[in-house]
Amino acid sequence: MRLAVALLLASPAHAQPATPTLAEPARTLQASDAASPVPALAYRSVFADLPRGVEEASTDWKAANKAVAQFPRGHADLLQWEKARAAAPKEQP
């Protein structure tokens with residue numbers, strides 16, 4: 001039983017080579033040197049390819065905030081405003 005457990009635990013160790021195989025030893029040693037030259041990376045923003053949006057024009061944020069501020073209680077005030085507009089007589093052209 002002990003032999004079976006020992007063989008089971010030892011089998012993964014035999015799957016790895018004793019010494020790593022280097023395809024190009026000179027390049028590997030150069031890469032491990034901290035003073036090796038490194039090519040410069042070109043900066044490219046991650047936001048460069050994002051869609052710009054559906055709207056073509058932008059809205060003045062101060063005007064947008066002022067428009068929203070006319071309904072300080074939110075949806076409740078909006079419903080009252082819509083009700084008042086529906087009850088008001090419409091102008092004839």
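- One finds a salt bridge joining R44 and D49 here, because a Lys/Arg side-chain nitrogen approaches an Asp/Glu carboxylate oxygen to under 4.0 Å.
- At distances below 3.5 Å, not a single donor-acceptor pair connects side-chain atoms of T59 with backbone N or O atoms of W61.
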Output side-chain donor-acceptor pairs under 3.5 Å for residues 30-37, partner residues at least two apart or in another chain, one line each.
unit_1: S32; atom_1: OG; unit_2: L29; atom_2: O; d: 2.8
unit_1: D33; atom_1: OD1; unit_2: A35; atom_2: N; d: 3.3
unit_1: S36; atom_1: OG; unit_2: Q30; atom_2: O; d: 2.2
unit_1: S36; atom_1: OG; unit_2: D33; atom_2: O; d: 3.0

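- Atoms NE2 and CD, from H75 and E82 in turn, are 6.5 Å apart once rounded to the nearest 0.5 Å.
- The line from CG of L78 to NZ of K83 is 13.5 Å long, rounded to the nearest 0.5 Å.
- No continuous path of hydrophobic side-chain contacts links V38 to L41 [ILVMFWY only; heavy atoms under 4.5 Å].
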